[in-house]
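Here is the structure we will look at, set down as structure tokens.
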Amino acid sequence: METKVLDLRDTKRPQNEIERQITAAAEVIRGGGLVAIPTETVYGLGANALDSQAVERIFEAKGRPQDNPLILHVAGPAWLARYCVDVPPLAYVLARRFWPGPLTMILKRRDIVPDVTTAGLATVGVRCPEHPVTLAILREAGVPIAAPSANRSGRPSCTTAADVLEDMDGRIEAVVDGGPCEVGVESTIVDLTVMPPRLLRPGGLPVEELEAVVGPVERDPALIRPLGEGEQPRAPGMKYRHYAPRAQVTVVTGGPEASAREIRRRLKPGVGVICFDEYAGLFSGYPVEKLGPSGDKQAQARRVFDALRAFDAREQVTEIYAQCPDNKGLGLAINNRLKKAAAFRVVEAEERSVVLGITGGTGAGKTSALAAIEALGGRVLDCDRVYYEMLRTDEKVRSEIARTFGAACFLPDGQLDRKHLGNIVFHDPQRLDQLNHIIYDAMAPELRRRMEAEPCTLYAVDAINLIEGGLGEMCDRTVAVCSPAEQRVRRIMARDGIDEAYARSRLAAQKPESFYREKCDCVLENNETSPEAFTQKAWRFFKKLIEDIKEESQHGR
Ligand code: TXA
Ligand code: MG
């Protein structure tokens with residue numbers, strides 16, 4: 001059979017020629033033939049839905065399992081009552097609001113709809129597509145068009161007439177070329193025979209928009225995970241391997257920065273990458289299909305099937321890694337298609353964690369600054385505490401101390417004799433230095449162990465000796481908290497209940513503030529009069545700093 005291409009891309013062509021083509025397509029449909037039709041979602045493989053024999057040919061041409069029902073395409077809400085019974089008022093509300101458009105409603109069917117169309121179900125899916133050419137064909141044919149997506153069963157759906165020819169040339173009478181599909185993923189399917197309505201397939205109409213009209217919509221479990229044994233999805237089609245290119249697909253979830261880095265780690269010969277436009281440069285030398293800008297889900301929806309399809313022409317690609325947007329809006333449908341293409345092979349990329357080193361003299365406001373980090377979801381690693389814990393429990397540190405300062409540093413029961421050790425180091429700066437060395441050398445690995453034990457996306461390493469202890473190395477940024485000396489004096493007098501002379505002597509015993517200013521990457525100034533005001537200032541400061549750090553690593557610096 002020769003497959004005719006009816007070119008209806010350009011609606012500015014002579015009116016009579018357009019009409020001739022539309023009539024020709026409608027005639028094939030009425031005559032029991034197969035015509036691929038453009039819709040706003042994907043191309044459909046259409047036949048007269050009321051003609052069992054014609055519908056059977058759809059299953060044959062696609063290689064589609066017989067138990068997978070087809071969607072009825074209609075010209076508008078007025079056709080609903082012809083093919084469905086007990087149509088709830090809600091169906092008309094939704095049809096009026098979202099049709100023509102990417103919404104399929106499951107309703108009770110009338111007997112006029114043959115069994116083969118609905119795979120024997122008592123319900124039928126109905127939708128009115130938004131494409132002027134297909135709407136014209138529907139009106140002209142005067143019958144509902146049963147149309148699954150026009151791909152061969154199991155392959156990615158078709159979003160251009162060329163895709164359809166790739167799969168269907170020679171198997172169907174005609175393809176109507178209406179240009180590339182505007183939406184790019186199939187319709188959202190919602191079951192209205194149950195209350196609350198149930199989402200059977202996320203699609204071109206974001207479920208949030210649907211919920212704004214109908215209230216909460218239940219999600220079928222099959223949308224987000226592979227089904228267990230014996231579990232049946234509500235939409236029969238959701239159980240089949242789907243949308244899959246030849247090569248094995250793995251979806252990498254997580255923020256775009258994290259997923260890009262994860263994919264880079266997995267590169268090897270034979271790998272192809274589906275990525276957001278901004279990240280394509282990270283994969284030069286490898287076959288790449290761009291999914292669209294990371295912030296533009298509409299573009300991603302339009303691209304997703306084409307990206308999957310494109311790899312079938314690239315012999316050398318045996319494995320595909322794909323970035324994936326979040327689940328909001330159109331993201332849910334894009335996620336679902338990519339994950340189904342991957343047969344739910346999903347790896348979660350770890351988010352980049354940010355480590356900030358916080359230091360500064362007493363009374364400068366470190367505690368309030370750390371409160372801001374906690375408010376940002378960060379974990380504070382208090383190095384003073386870690387220091388004393390290590391003295392008690394870290395065997396390497398303890399034997400090093402015994403070697404350097406004598407076994408007499410430990411009491412017979414194994415406890416550290418802090419008084420004895422204190423007597424040695426507190427009057428001799430060199431000896432103190434030695435002790436600090438022993439502990440700080442062991443501190444960074446210990447801090448890393450603690451971070452790994454309880455992963456988090458933000459850490460603050462809180463250490464008065466941050467710089468001297470060499471802990472700055474493990475930090476993305478070191479931050480000095482600084483405050484005018486007079487304010488610091490007042491603060492520690494109030495905080496520790498001490499007099500002014502003693503407060504001043506304590507400040508004098510510490511490193512001058514200029515030390516922190518010079519040695520740290522940045523300075524957080526505390527001129528605020530209340531701790532709360534400073535915590536707020538610090539919150540804004542750290543938020544910006546974290547964004548900058550992430551931004552930087554995104555650009556590979
Ligand atoms: O956007 C679309 O919906 C495209 C274009 C061509 O309109 N069509 C489409 O059809 O995606 P298809 O056959 O590829 O997917 C239809 C899905 C299948 O998963 C099928 O199992 C489900 O809809 N479905 C059809 N009738 C149903 C019913 N009565 N109850 C539950 N699920 C149904
Ligand atoms: Mg399909």
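When side chains are defined from C-beta on, Pro100 does not count as touching His131, because their heavy atoms never get closer than 4.5 Å. With contacts defined as side-chain heavy-atom distances shorter than 4.5 Å, the pair Met105/Trp99 qualifies. Side-chain atoms of Ile112 and Arg82, non-hydrogen and from C-beta on, never get closer than 4.5 Å to each other. Considering only heavy atoms from C-beta on, Arg302 stays 4.5 Å or farther from Pro180 through its side chain. For the pair Cys275 and Ile263, the minimum side-chain heavy-atom distance is 4.5 Å or more. Counting only heavy atoms from C-beta outward, the side chains of Val194 and Glu218 never approach each other to under 4.5 Å. With a 4.5 Å cut-off on side-chain heavy atoms, Ile549 and Leu356 count as touching. Side-chain contact between Leu267 and Val273 is present, with heavy atoms from C-beta onward closer than 4.5 Å.
Annotation: Glu140, atom CD; neighbour count of heavy atoms from other residues, nucleotides and ligands within 6.0 Å is above 12. The number of heavy atoms from other shown groups lying within 6.0 Å of CD (Gln316) is above 12. For CD of Gln298, the number of neighbouring non-hydrogen atoms (other residues, nucleotides, ligands) closer than 6.0 Å is 12 at most. Within a 6.0 Å radius of CZ in Arg264, no more than 12 heavy atoms belonging to other residues, nucleotides or ligands are found. By the 6.0 Å contact criterion, CD on Glu209 is enclosed, its count of non-hydrogen atoms from other residues, nucleotides or ligands being greater than 12.
For the pair Lys550 and Asp476, the salt-bridge criterion is not met [side-chain N within less than 4.0 Å of a carboxylate O]. A salt bridge links Asp177 with Arg9; the closest basic N to acidic carboxylate O contact falls under 4.0 Å. Contact check on Asp312 versus Arg155 returns a salt bridge, with a Lys/Arg side-chain nitrogen under 4.0 Å from an Asp/Glu carboxylate oxygen. Salt-bridge check for Arg345 with Glu319: failed, with every basic side-chain N at 4.0 Å or more from each acidic carboxylate O.
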Checklist entry - Could you walk me through whether Leu210 and Leu94 pass the side-chain contact (heavy atoms from CB on, under 4.5 Å) check? => result CA-CA 8 Å; Leu210 203 55; Leu94 291 178; 4.0 Å; yes
Item to check | Val176 vs Thr134, side-chain contact (heavy atoms from CB on, under 4.5 Å): CA-CA, chis, key distance, verdict | outcome: CA-CA 9 Å; Val176 175; Thr134 291; 5.9 Å; no
Item to check | Check against side-chain hydrogen bond (donor to acceptor under 3.5 Å, both in side chains), Thr159 and Arg303 | outcome: CA-CA 9 Å; Thr159 52; Arg303 282 282 304 142; over 6 Å; no
Next on the checklist: Using side-chain contact (heavy atoms from CB on, under 4.5 Å), reason through Thr3 and Val5 one step at a time and then give a plain yes or no.
Outcome noted: CA-CA 7 Å; Thr3 301; Val5 178; 5.5 Å; no
Checklist entry - Where do Glu262 and Arg265 land on the salt bridge (charged side-chain N to carboxylate O under 4.0 Å, His left out) test, with the steps shown first? => result CA-CA 5 Å; Glu262 181 62 41; Arg265 275 198 283 277; 2.8 Å; yes
Checklist entry - Run the side-chain hydrogen bond (donor to acceptor under 3.5 Å, both in side chains) check on Arg127 and Thr39 step by step: do they pass? => result CA-CA 11 Å; Arg127 116 170 170 95; Thr39 83; 3.0 Å; yes
Checklist entry - Which is it for Phe59 and Val116 under the side-chain contact (heavy atoms from CB on, under 4.5 Å) test, yes or no, and what are the steps along the way? => result CA-CA 9 Å; Phe59 286 90; Val116 24; 3.9 Å; yes
Item to check | Step-by-step salt bridge (charged side-chain N to carboxylate O under 4.0 Å, His left out) determination, Lys543 to Glu547 | outcome: CA-CA 6 Å; Lys543 191 162 188 295; Glu547 278 165 15; 3.4 Å; yes
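The closest donor-acceptor contact from the side chain of Glu278 to the backbone of Ser294 lies under 3.5 Å. Side-chain atoms of Tyr459 come within 3.5 Å of backbone atoms of Met451 as a donor-acceptor pair (strictly under, hydrogens ignored). In this structure, Thr188 contributes its side chain and Leu103 its backbone to no donor-acceptor pair below 3.5 Å. Judged by distance alone, with hydrogens and angles left aside, the side-chain atoms of Arg201 form a donor-acceptor pair with the main-chain N or O of Ser187 at under 3.5 Å. Under the 3.5 Å distance criterion, the side-chain polar atoms of Arg314 are left unmatched by any main-chain donor or acceptor of Gly272. At distances below 3.5 Å, at least one donor-acceptor pair connects side-chain atoms of Gln300 with backbone N or O atoms of Pro293. With hydrogens and angles ignored, the 3.5 Å screen pairs no side-chain donor or acceptor of Glu130 with any backbone N or O of Glu40. With hydrogens and angles ignored, the 3.5 Å screen pairs no side-chain donor or acceptor of Arg246 with any backbone N or O of Ala313. Judged purely by atom type and a 3.5 angstrom limit, Trp79 has no side-chain atom pairing as donor or acceptor with the backbone of Tyr83. Judged by distance alone, with hydrogens and angles left aside, the side-chain atoms of Glu211 form a donor-acceptor pair with the main-chain N or O of Val217 at under 3.5 Å.
The minimum heavy-atom distance between Ala150 and Val164, with the atom names listed, is CB-CG2, 4.0 Å. Nearest approach of Gly32 to Ala54, heavy atoms of both residues: O-CB, 3.5 Å. Listed here is the closest heavy atom pair of Arg171 and Ala61: NH1-O, 3.2 Å. Heavy-atom minimum distance, Arg109 versus Leu121: NE-O, 2.8 Å. Ile137 approaches Ile145 most closely through the heavy-atom pair CG2-CD1, 4.2 Å. The heavy-atom pair separating Pro197 from Met195 by the smallest distance is CD-SD, 3.5 Å.
The distance from the CD atom of Glu257 to the CZ atom of Phe276 is 12.0 Å, given to the nearest 0.5 Å. Residue Ser149 holds its OG atom at 9.0 Å from CG of Leu45, rounded to the nearest 0.5 Å. Separation of atoms CG (Leu34) and CD1 (Ile172) is listed at 6.5 Å; rounding is to 0.5 Å. Atom CG in Leu376 sits 11.5 Å away from atom CZ in Arg540 (nearest 0.5 Å). Taking OG1 of Thr253 as the reference point, atom CG of Asn335 lies at 8.0 Å (rounded to 0.5 Å). Between the CD atom of Glu186 and the OG atom of Ser157 there is a distance of 3.5 Å, given to the nearest 0.5 Å.
Each of Arg309, Arg152, Lys62 was compared with Asp167 under the salt bridge (charged side-chain N to carboxylate O under 4.0 Å, His left out) criterion, and only Arg309 meets it.
Residues passing the side-chain hydrogen bond (donor to acceptor under 3.5 Å, both in side chains) test with Lys297 are Asp326, sequence neighbours excluded. Considering only residues two or more places apart in sequence or on other chains, Arg30 meets the salt bridge (charged side-chain N to carboxylate O under 4.0 Å, His left out) condition with none of them.
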